[in-house]
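Structure, as structure tokens:
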Amino acid sequence: MAGGVTGGDSATWSDRFEQGLHPVIERFNASIGFDIRLLQEDLDGSIAHARMLAECGVIQVEEADQLVSGLEQVRQEAASGEFQPGLADEDVHFAVERRLIALLGPVGKKLHTGRSRNDQVGTDLRLWLRRRLDELEQYLLGFQRALLDQANLHSNTLIPGYTHLQRAQPLCLAHHLLAYVEMVERDRQRMADLRKRLNLSPLGAAALAGTPVPIDRRSTAMALGFDGIYANSLDAVSDRDFTVEFSAAASLVMVHLSRLAEEVIFWASEECGFVRLTDRCATGSSLMPQKKNPDVPELVRGKCGRVFGHLQGLLTMIKGLPLAYNKDFQEDKEALFDVVATTSQCLEAMTILLQEGLSFRTERLEAAVAADYSNATDVADYLVAKQVPFREAYQLVGAVVKHCLQEGVLLRELTLERWQKFHPAIEADLFEALTPRNVVAARTSEGGTGFDRVHEQLAIWNKRLGLADQVV
Ligand code: ARG
């Protein structure tokens with residue numbers, strides 16, 4: 001039967017095929033169910049390709065015009081819901097080509113000159129991810145700004161600092177939040193960096209070896225906003241490094257989000273009580289009327305599994321693949337789509353949580369830092385200033401803390417006489433030095449939590465992220 005096996009005139013395969021696909025295999029093989037999401041990019045790539053073919057004299061200018069208007073018509077049909085490809089179309093690339101041939105007749109059959117679905121799919125996927133990276137940058141920036149807004153509100157608020165989840169030293173809350181601002185900055189840099197390697201055009205590599213058709217790869221690359229072209233046609237159609245690089249960078253975004261999520265869950269617990277969740281982002285229990293649950297940060301923490309899993313899946317899918325294109329690559333799409341969707345949603349949700357989902361209970365925080373031994377290092381530092389060697393001071397303060405624990409008192413509750421029995425160099429000014437606010441203020445080393453240092457950092461970040469200087 002001339003015209004192939006799967007659809008009369010609009011056949012997919014060459015006449016070498018005699019039998020149609022088994023229906024189960026047809027379903028198994030098809031990617032149209034998910035790669036339809038590449039439709040806009042597929043149309044963009046095809047339009048650039050058609051114009052280039054005319055530029056190079058491979059087809060007539062009028063033919064290119066027809067192809068372009070046919071492709072634009074497919075775009076409109078998709079917008080109005082008329083374009084409804086089915087399983088028989090296999091994938092988005094075939095679906096578009098078929099519709100074009102149905103619309104234009106023989107001219108439509110000229111579009112695929114000098115290209116293959118192998119370079120086509122690589123082009124579409126890069127264009128798609130490039131757009132998503134631009135959106136993701138906005139989500140990251142929004143999240144970073146929400147962190148900075150909270151930091152600006154709390155430039156004078158104290159919070160216990162932990163190591164091993166044991167009270168360590170008091171902190172300025174803004175300093176704690178700015179640590180996340182730094183993490184997000186690295187995330188933004190990583191995304192910007194991988195975008196450079198992603199932004200090369202594989203189009204024109206054809207199936208694997210290039211083409212005898214006198215095409216101009218640089219013309220399509222430029223039309224599509226790529227920074228350059230892949231130098232090697234085999235590499236062009238086989239490279240999926242960008243899917244791994246992106247998923248790894250997204251995994252780190254999720255790691256950062258999950259760390260903040262975990263802290264919020266801890267802070268919102270009754271045991272801790274450092275934040276109050278507002279009704280906007282918390283849910284109740286179907287059974288226990290008193291409950292208010294931190295579902296948003298819990299979901300963010302839980303969704304890490306999907307993103308890390310996709311990273312692992314992509315690495316495993318690519319490993320050991322011989323050059324050049326292999327159908328295994330079709331598996332990259334759902335993973336990439338889900339990594340983008342999950343990471344974007346989590347960033348959005350955590351941004352809203354910071355903006356209107358929680359408030360810090362400053363009185364509770366103030367009380368918490370006043371009622372622990374997290375100023376113990378400061379006694380040692382006080383003695384160091386009096387020329388006592390640090391190690392000796394450290395041992396001595398250990399003995400003081402032991403004594404206080406036995407007596408059930410805090411360091412500042414010891415009398416001066418008692419202190420002087422521990423060390424004669426201790427004077428009344430120790431008590432001032434031990435207040436949580438002074439403990440924090442004293443940490444003036446660069447990058448430390450001292451209020452002056454934190455205010456400097458807030459000013460730098462406010463300028464960098466375009467927020468007015470609103471430090472309180
Ligand atoms: N649907 C395919 C994919 O996602 C398109 C490329 C198919 N190329 C091929 N030679 N079978 O990778």
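Atoms within each ligand, like the ligands themselves, are counted from 1 in listed order. Counting begins at 1 with the first residue of the sequence.
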Yes or no: does E90 have any heavy atom under 4.0 Å from an atom of ligand 1?
no
Pair S46-R115, side-chain donor/acceptor within less than 3.5 Å:
yes
Considering heavy atoms of the protein only, find what lies nearest to atom 10 (N) of ligand 1 and give residue, atom and distance to 0.1 Å.
N118 OD1, 3.0 Å
In the protein, what heavy atom is nearest to atom 4 (O) of ligand 1, and what distance, to one decimal place, separates them?
K333 NZ, 2.7 Å
Does H93 have a heavy atom less than 4.0 Å from any atom of ligand 1?
yes
Using only heavy-atom distances, determine whether the side chains of E62 and Q66 contain a donor-acceptor pair under 3.5 Å.
no
Please identify which atoms of ligand 1 are closer than 4.0 Å to at least one heavy atom of S31.
1 (N)
Please examine the side chains of K327 and N29, heavy atoms only from C-beta on, and report whether any two atoms are closer than 4.5 Å.
yes
Crowded around R218 CZ? As in, over 12 foreign heavy atoms under 6.0 Å?
no
Would you call D89-R99 a salt bridge at under 4.0 Å N-O?
no
Tell me if the CD atom of E363 is crowded by more than 12 foreign heavy atoms within 6.0 Å.
yes
Need the ligand 1 atom indices (1-based, order shown) with element for anything under 4.0 Å from a heavy-atom of D91.
1 (N), 2 (C), 5 (C)
Smallest heavy-atom separation, S344 atom then L136 atom, equals OG-CD1, 3.3 Å
Measure the distance from atom 11 (N) of ligand 1 to every protein heavy atom, then report the residue, atom name and distance (to 0.1 Å) of the closest one.
R117 NH2, 3.3 Å
From atom 3 (C) of ligand 1, work out which of F329, Y325, F94, F34 has a heavy atom at the shortest distance.
Y325
For atom 2 (C) of ligand 1, grab the closest protein heavy atom and report residue, atom and distance to one decimal in Å.
Q330 OE1, 3.3 Å
